[in-house]
Every structure is written in C-alpha cells, then in structure tokens.
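Everything below concerns the one structure shown next.
In this text, all values refer to a predicted model and were calculated from it rather than measured experimentally. Residue indices begin at 1 and follow the sequence shown.
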Amino acid sequence: MASAPDQRSVELSRRRMRVAIPAIVALLGVAAIVVGATSGGGAGAETAGPEASDDVNAPEAASPRPAPAEAPPPASVATFDRAAHSIDDPASIWVVVNKLRPLNPTDYVPADLVDVPVPHTWDPLLRQEASDAIVAMFDAAANEAGLSLASNSAYRSYSAQQSIYSGDDLSTARPGFSEHQTGLTMDIGAESGECSLNACFGETAEGIWLRDNAYRFGFILRYPADKTPVTGYEYEPWHFRYVGVDLATEMRETGFTTLEEFFQLPAAPEYE
C-alpha cells in the first residue's frame, strides 16, 4: 500500500496534466490557423496573373520574338572569263574556225610551228604550246592505260588543204576554213592503225580514253556525233582541237561540246 505522501504526489501530477492538456490543444489550434493563413496567401500570390495586379507601372508581358527569316542562298557568280582570248585572231588558241568563220587572212601560217615528237603517219607540225600538250597526252595514255597513240594529220597549210579538199563539205573543209591550218589540231589514231580516221575509232580503247581524258591536256573533241547541225561536219572521233586546259575544263564542267555553243555563236552547217 502507498504511503500518504506518495498518494498526494500522484494526485498533484494528475491535476497538472488536466490543466496542461487543454493549453497544448489551444496552442496547436492557433498554430494551425497561422499556417493555413500563410499558405493561402502564397497560393493566391502564385495564381494571380498580371491582369490581377493593381500596379499600373507593372511591365507588360513581352511579345514573342519572331523567328528569323531563312537567308536566301548565295547567288552563283560566273568566274570564267570568256573574253580572256580572242575568238577571231588566228593566232589565238581560242580562235573559232568554221564554215561561217574563215581564217583571216585565209592563207594564215602560224609563226611558232614545231615538229611534234610522237609516232605518226606523216610528219606532224603543231604550234609549240599544242605540241607540248600532245606529247604529254600521248605519254599519259601510255603510262596510265598502256595505249599507243599516233598522229594521222596535224598542221596543214592553205595549199595542202587545196589538194586535200574533196568537195564533200561534211567531211573536209575548204582551204582557209580548216582548223588544221591553225596549227592547233591533230587527227589522232591508234598506233596500230585500227579504225584510223573512221567513226569506229570512237569505240576503240584509244578513242574512249581520248574522249574521257583529252580535256586534262587542253583538247576538245571538236566534231561530236550529235552536233553536225552546229559544226557542219560529220562525227570525227579522231579530230582533237587544242584550246588550253582552262577552256577545255570549263566546257566539260558546264556541258558544252562545241565552241559555237559555248561562245554563243551561230550554228555553221553550211557555207554562205
């Protein structure tokens, strides 16, 4: 049995608890009210938009920046100078000779003709620049493809053209109208003589190699198969004209196959 002092202590503790519990409950209630009020004010602040603001000095919402317009592609600029050489001067490597454009003078003789040191049917002469290019091209054909090329005809004078002209204007030029007289042209064949000066040369290994590689050395196939109405001559896969690497490359890259079309000259199917 508990003693009298112990009973009084227990009773005192119970009285204190009865007083403390309501006070704690009251304090918790006050804290809940404060927290709720604080939370409510924050939510209201978050949801209120610019329209709800009473501040007349509040900045307006920034409008979206427009997307930049797509830049147009740069305009292509023609860089090839078509006036770099004359197409009228017989001494120019770009001279255009056809049935409407005779040499001037008609008995023109190049001043720098040299012997061309390549296999040949008749001793070939060309202007020095064209001769150097032919030698380089023949060497490349041998070294790159194992092909042996030969000259069938090169420079021909006015008088030589007189003796060659057959009266067939599709196959031979009249004196004074022949590219051979410029000293810039060579009729090229296989050293074996296969298809020499015949259309079938274009299907030989030598003819195909020349068609695909002559531009590298400054030559163009002057009379293509589909351009007789422009050039006035039948297909001659053996007839290569020196115009220089720059022009030969430009014609290849731009798809032009005749000098007439490249320089925007009239077609020359017939003599005037």
Side-chain angles (χ1 to χ4, degrees), residues 82-83 85-114 116 121-131 133-134 151-189 196-199 201-202 210 214 218-244 247-248 251 256-272:
R82 298 190 183 208
H85 298 280
S86 170
I87 62 173
D88 303 312
D89 182 354
S92 169
I93 62 170
W94 287 4
V95 62
V96 179
V97 182
N98 59 33
K99 293 177 179 180
L100 298 179
R101 297 175 58 86
L103 288 163
N104 184 19
T106 56
D107 61 351
Y108 166 74
V109 178
D112 58 344
L113 290 172
V114 296
V116 187
T121 304
W122 291 282
D123 292 339
L125 296 175
L126 286 178
R127 292 182 57 186
Q128 182 69 65
E129 184 176 343
S131 174
I134 278 285
S151 168
N152 291 322
S153 183
Y155 168 73
R156 295 200 294 259
S157 66
Y158 181 92
S159 60
Q161 195 68 23
Q162 283 181 312
S163 64
I164 290 173
Y165 176 61
S166 65
D168 181 354
D169 288 333
L170 283 176
S171 62
T172 57
R174 296 176 184 179
F177 292 81
S178 173
E179 278 205 330
H180 283 278
Q181 196 175 327
T182 67
L184 299 170
T185 297
M186 179 177 281
D187 291 339
I188 304 173
S196 179
L197 299 178
N198 282 286
F201 178 69
L210 285 168
F219 289 88
I220 61 170
L221 176 62
R222 183 64 174 99
Y223 303 131
D226 60 340
K227 295 298 182 178
T228 297
V230 175
T231 65
Y233 294 99
E234 294 175 334
Y235 174 45
E236 293 189 0
W238 60 84
H239 184 115
F240 285 86
R241 158 69 191 275
Y242 182 76
V243 295
L247 178 53
M251 289 179 66
F256 288 98
T257 58
T258 70
L259 294 175
E260 288 80 5
E261 291 169 310
F262 183 82
F263 287 112
Q264 299 179 345
L265 298 171
E270 304 288 345
Y271 293 99
E272 289 183 334

**Study point:** Closest non-hydrogen atom pair, Gln161 against Ala173
**Key:** NE2-O, 2.9 Å

**Study point:** Val230 side chain near Asn98 side chain, heavy-atom distance below 4.5 Å
**Key:** no

Exercise for review: Dump the intermediate steps for side chain to side chain contact (heavy atoms under 4.5 Å, CB included) on His180 and Asp187, then the final yes or no.
Suggested key: CA-CA 9 Å; His180 283 278; Asp187 291 339; 3.3 Å; yes

Review point. Run the salt bridge (Lys or Arg N to Asp or Glu O under 4.0 Å) check on Glu260 and Arg222 step by step: do they pass?
Key: CA-CA 10 Å; Glu260 288 80 5; Arg222 183 64 174 99; 2.9 Å; yes

Review point. Salt bridge or not for Arg101 and Glu272, using N-O below 4.0 Å?
Key: no

Review point. Applying salt bridge (Lys or Arg N to Asp or Glu O under 4.0 Å), which residue pairs with at least one partner in residues 158-169 are found, sequence neighbours left out?
Key: Asp169-Arg174

**Study point:** Spacing of CZ belonging to Arg127 relative to CG belonging to Leu184, to within rounding of 0.5 Å
**Key:** 5.0 Å

Point to revise | Residue pair Pro237 / Phe240: nearest heavy atoms and the distance that separates them | key: O-CE1, 3.2 Å

Practice item. Examine distances only and state if a side-chain atom of Ser92 and a backbone atom of Ser86 form a donor-acceptor pair shorter than 3.5 Å. Key: yes

Practice item. Name the orientation class of the two ring planes belonging to Tyr233 and Tyr223 (parallel below 30°, tilted from 30 to 60°, perpendicular beyond 60°). Key: tilted

Exercise for review: Measure the CG-OG distance between Leu125 and Ser151 for me, rounded to the nearest 0.5 Å.
Suggested key: 9.5 Å

Review point. How long is the span from the CZ atom in Arg241 to the CE atom in Met186, to the nearest 0.5 Å?
Key: 14.0 Å

Review point. What residues, two or more places apart in sequence or in another chain, satisfy side-chain hydrogen bond (donor to acceptor under 3.5 Å, both in side chains) together with Glu236?
Key: His239

Point to revise | Interatomic distance, Ile87 atom CD1 to Ile93 atom CD1 [nearest 0.5 angstrom] | key: 13.5 Å

Check your understanding: Sub-3.5 Å donor-acceptor pair from the side chain of Ser178 to the main-chain atoms of Pro175, do we have one?
Key -> no

Revision key, fill the gap. Value for OH (Tyr158) from OG (Ser163), rounded to nearest 0.5 Å, stands at 12.0 Å

Check your understanding: Which atoms form the tightest heavy-atom contact between Pro229 and Ala267, and what is the distance?
Key -> O-CB, 3.5 Å

Review point. What do the steps show when you test Gln181 against Tyr108 for side chain to side chain donor-acceptor pair (under 3.5 Å), and what is the final call?
Key: CA-CA 7 Å; Gln181 196 175 327; Tyr108 166 74; over 6 Å; no

Study note, to complete from the structure: Correct closest heavy-atom pair for Arg82 and Trp94 would be O-CZ3, 3.6 Å

**Study point:** Derivation of the side chain to side chain contact (heavy atoms under 4.5 Å, CB included) call for Phe263 and Val96
**Key:** CA-CA 9 Å; Phe263 287 112; Val96 179; 4.1 Å; yes

Check your understanding: Only one of Leu247, Val97, Val95, Leu265 clears side-chain contact (heavy atoms from CB on, under 4.5 Å) with Leu259; which?
Key -> Leu247

Check your understanding: Below 6.0 angstrom between ring centroids: does that apply to Phe262 and Phe256?
Key -> yes

Review point. What is the minimum heavy-atom distance between Tyr235 and Pro224, and which atoms define it?
Key: CD1-C, 3.8 Å

Point to revise | pair Asn104-Asp88: side-chain heavy atoms closer than 4.5 Å | key: no

**Study point:** Residue pair Thr182 / Leu103, side-chain heavy-atom distance below 4.5 Å
**Key:** yes

Review point. Taking 4.0 angstrom as the limit, do Lys227 and Glu261 come out as a salt bridge?
Key: yes

Practice item. Indicate the atoms forming the closest heavy-atom contact of Ala133 with Tyr242, along with that distance. Key: CB-CE1, 3.6 Å

Point to revise | Rounded distance (nearest 0.5 Å) linking atom OG1 of Thr172 with atom CD1 of Ile164 | key: 9.0 Å

